[in-house]
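Heads up, the thing below is written out as structure tokens.
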Amino acid sequence: MIIQDILNTEITYLPGVGPKRAELLNKELNVFTYRDLLYYFPYKYIDRTRFYKIAELDPDLPYVQVKGKIKGYSTEGVGPGKRLVADFQDETGTIKLIWFKGGKWITGNYSPGIEFIVFGKPGVFNGIINIIHPEIEAANKIAERINSALQAQYNTTEKLKNQYLTSKTISKFVGTLLKQIKIRLPETLPPYLVAQYKLMDLHESLHKIHFPENPEELEKARHRLKFEELFYIQLNLLKFKTNRNLKLKGFIFSSVGNNFNNFYHKNLPFTLTDAQKRVMKEIRKDLGSGKQMNRLLQGDVGSGKTLVALMSMLIALDNGFQACIMAPTEILAHQHFNTISKLLEGLDIKVRLLTGSSKKASRKSIAESLLDKSLNILIGTHALLEDNVQFSNLGLVIIDEQHRFGVAQRARLWQKNTNPPHILVMTATPIPRTLAMTLYGDLDVSVIDELPPGRVPIKTMHFVDSERNKVFGFIRNQIAEHRQIYIVYPLIKESEKMDYKDLEDGWDTVSRVFPAPKYCISVVHGKMTPSIKEQSMKLFKDGYAHILIATTVIEVGVDIPNATVMIIESAERFGLSQLHQLRGRVGRGGSQSYCILMSADKLSKEAAKRIEVMISTNDGFEIAETDLQLRGPGDIEGTQQSGIPFDLKIANLARDGQLIEYVRHIAEDILAKDPLFQDVQNQIFIHELKRLFSQVQSWSNIS
Ligand code: ADP
Ligand code: MG
């Protein structure tokens with residue numbers, strides 16, 4: 001207990017810190033307590049066993065250290081550029097050391113002729129190698145310097161540096177703190193886990209992560225700390241899932257009845273793919289289990305998730321329940337409504353649409369029919385979340401394109417019943433498995449990993465802006481073959497800040513090249529009213545418009561099989577998953593489809609890589625994996641709302657996938673044996689989970 005108190009001590013009390021620096025550490029680094037400081041890990045280490053010769057230095061090297069002597073000092077420049085310069089030499093050459101401030105102290109302390117070790121990042125000016133503001137110390141003092149060859153480097157900010165809170169200062173603070181805590185730091189994992197998985201113990205890990213003596217030791221410390229971090233995230237998610245299963249009863253959908261059977265035998269326009277069948281089985285098993293279903297359905301664009309959603313809803317109806325689908329945009333909600341109404345033609349099932357632009361009268365009649373149970377399926381947007389939308393017996397909620405909904409919004413639908421409905425979350429943004437384990441770690445996952453038969457893989461090509469005429473020629477030929485074309489722009493209007501193509505300008509050009517009345521061009525963007533948007537979409541959907549000019553509002557879900565060309569302007573502007581989503585708008589019928597990525601001639605390395613990946617594969621999971629590697633998990637859509645603290649301190653969701661799987665199994669085993677942590681050894685989990693997740697926990701207590 002006492003040691004806990006020590007770790008909770010405010011950082012201001014650490015010798016050398018004080019109130020002013022403490023405030024900076026709070027604000028800039030989120031370091032409030034001793035514990036926070038110990039868990040403020042270095043971002044890299046510099047090997048100080050290696051010495052460079054001056055002749056070896058070049059400005060591309062990272063930090064280096066050199067042994068040599070100062071030959072003499074001079075002052076150069078005037079005003080703010082005024083600087084102290086030392087010529088520093090070893091037997092192989094001379095470089096310049098430069099200071100813009102603190103010159104007096106330097107000349108007073110580092111006399112010419114004495115051997116010094118100089119450490120810093122080499123630069124170059126006028127062809128001469130220099131080091132600006134080097135660390136410098138007497139060579140004969142090196143032994144007593146730091147008992148660590150690998151020197152930890154800490155991220156700092158400009159504000160910190162201005163107050164002389166450098167990486168070195170932070171390292172000093174950590175050193176002081178570790179010396180001050182005289183007791184062994186208590187374990188945060190039960191001893192049996194530490195032993196069984198051969199982990200370095202916490203006390204040693206926290207020392208070695210800051211002051212490693214060799215790379216092997218550092219690796220062990222890192223492993224232990226990553227293990228702990230990822231393990232507790234998984235334990236938290238799985239504990240939540242276990243609690244839910246223990247606490248909540250789900251509606252039991254025991255029978256498959258007329259609604260399902262009639263649809264299946266009379267209306268289903270094709271046979272299900274094997275993947276769709278498998279997923280239906282998984283869902284049916286959940287629905288009949290007596291537990292509340294919480295399932296994530298992943299499937300690449302065009303893999304046929306809508307059908308799975310519909311059949312699941314029919315099972316709900318067969319058991320006397322209502323069902324709803326919530327989509328992220330009006331266009332999508334409309335589309336679901338149309339598709340589903342059509343699929344259900346001739347069956348006695350009542351489906352209605354509710355969006356932000358629904359009229360008062362229709363809202364009223366929807367509300368009434370929900371309560372008197374005459375309405376079976378409600379399809380809509382966020383509008384479904386409004387308080388006045390009350391179901392009488394909601395049995396199944398389907399959330400399409402999940403990443404557009406925050407956790408809190410999901411939760412509001414959960415709460416529409418006294419008993420929780422079954423939840424099926426569908427996403428067309430494939431998420432790498434290990435990331436899904438963390439983002440949706442409390443959900444069960446089903447995957448449709450097969451496209452309906454007869455799809456011809458989309459061909460993806462890259463053209464630069466100067467090749468535009470070729471692309472227009474291609475469009476002309478496609479239209480002559482009665483195909484339709486999407487052209488997507490990153491911006492609606494010209495922007496001074498960003499040099500990307502915009503829709504207005506695009507419209508000017510395209511309508512000149514493809515003039516009316518021979519050609520019809522439709523436009524859709526986010527600034528239009530829903531009803532105008534809907535009309536423009538309809539023009540294209542019904543085949544009147546040859547070309548649809550749009551912003552990314554059409555990114556998600558829009559299904560128009562006759563459209564075979566997707567042109568993405570300023571493709572360098574888009575992320576991989578967005579490009580993949582956009583491409584997924586074509587290739588939906590049986591004919592060859594094309595995705596044309598237009599870009600400026602010059603591309604950044606990353607943009608070039610994205611385009612290369614798009615050309616080389618159509619596999620959404622492969623693309624998601626690359627996306628994760630390129631961008632890191634924090635930028636992946638959905639992570640911000642996930643309720644997980646994504647400023648992980650040491651683990652990395654993109655790189656530590658294997659470890660995530662490993663610790664997840666361990667957490668699963670523990671919960672299977674002791675779901676309530678009654679075993680004395682496991683009681684530490686209760687304490688740690690509370691400490692780690694009490695702030696982010698609230699969202700997950702919902703269902
Ligand atoms: P997504 O998974 O992207 O939501 P959709 O459900 O919109 O995909 O399905 C894409 C297209 O594939 C639709 O036109 C749908 O009718 C069709 N489709 C779905 N399942 C099958 C199947 N088993 N066989 C043939 N076509 C199918
Ligand atoms: Mg869909």
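Computation of the quantities below employed the complete heavy-atom set of this structure, encompassing side-chain atoms and omitting hydrogens, waters and symmetry-equivalent molecules. Remember, it's 1-based here, ligands and their atoms both numbered in the order they're listed. Computed from a prediction, not measured in an experiment: that's the story for all the values here.
- For Arg363, the side chain to side chain donor-acceptor pair (under 3.5 Å) criterion is met by Glu386, not counting sequence neighbours.
- Considering each of Gly299, Pro452, Pro561, the one bringing a non-hydrogen atom nearest atom 25 (C) of ligand 1 is Pro452.
- Remark: Glu450 does not engage Arg455 in a salt bridge, criterion side-chain N to carboxylate O under 4.0 Å.
- Using a 4.0 Å cut-off between charged nitrogen and carboxylate oxygen, Arg664 and Glu668 count as a salt-bridge pair.
- With ligand atoms numbered from 1 in the order given, ligand 1 contributes 3 (O), 7 (O), 10 (C) to contacts under 4.0 Å with heavy atoms of Arg588.
- With distances taken over non-hydrogen atoms, the option nearest atom 12 (O) of ligand 1 out of Lys342, Arg455, Gln581 is Arg455.
- Ion pairing of Asp444 with Lys291 is absent here, as no side-chain N (NZ or NE/NH1/NH2) approaches a carboxylate O to less than 4.0 Å.
- For ligand 1 and Thr306, the ligand atoms under 4.0 Å from any heavy atom of the residue are 4 (O), 5 (P), 6 (O), 7 (O).
- In this structure, Val308 falls outside the shell of residues with a heavy atom less than 4.0 angstrom from ligand 1.
- Within the cation-pi definition used here (under 6.0 Å to the ring centroid, within 45° of the axis), Arg476 does not qualify as a partner of Phe472.
- Taking 4.0 Å as the cut-off, Ser303 counts as a neighbour of ligand 1 on heavy-atom distance.
- The heavy atom nearest to atom 19 (C) of ligand 1, considering only Gly584, Gly304, Gly454, is found in Gly304.
- Ring centroids of Tyr500 and Tyr489 are separated by 6.0 Å or more, keeping the two rings apart.
- Sorted by first and then second residue, the pairs that involve residues 524-554 and meet ring-ring contact (aromatic ring centres under 6.0 Å, His included), not counting sequence neighbours, are Tyr486-Phe540, Tyr519-His546.
- Neither the backbone nor the side chain of Met426 has a heavy atom within less than 4.0 Å of ligand 1.
- Using a 4.0 Å cut-off between heavy atoms, Asp559 contacts ligand 1 through its side chain alone, with no backbone atom that close.
- If you look at Thr339 next to ligand 1, there are no close heavy atoms at all, none under 4.0 Å.
- With ligand atoms numbered from 1 in the order given, ligand 1 contributes 23 (N) to contacts under 4.0 Å with heavy atoms of Thr273.
- No donor-acceptor pair closer than 3.5 Å links the side chain of Glu622 to the backbone N or O of Asp619.
- Counting the atoms of ligand 1 from 1 in the order shown, those under 4.0 Å from a heavy atom of Thr271 are 22 (C), 23 (N), 24 (N).
- The atoms of ligand 1 that sit less than 4.0 Å from any heavy atom of Leu272 are 23 (N).
- No hydrogens or angles considered: nothing links the side chains of His422 and Asp286 as a donor-acceptor pair under 3.5 Å.
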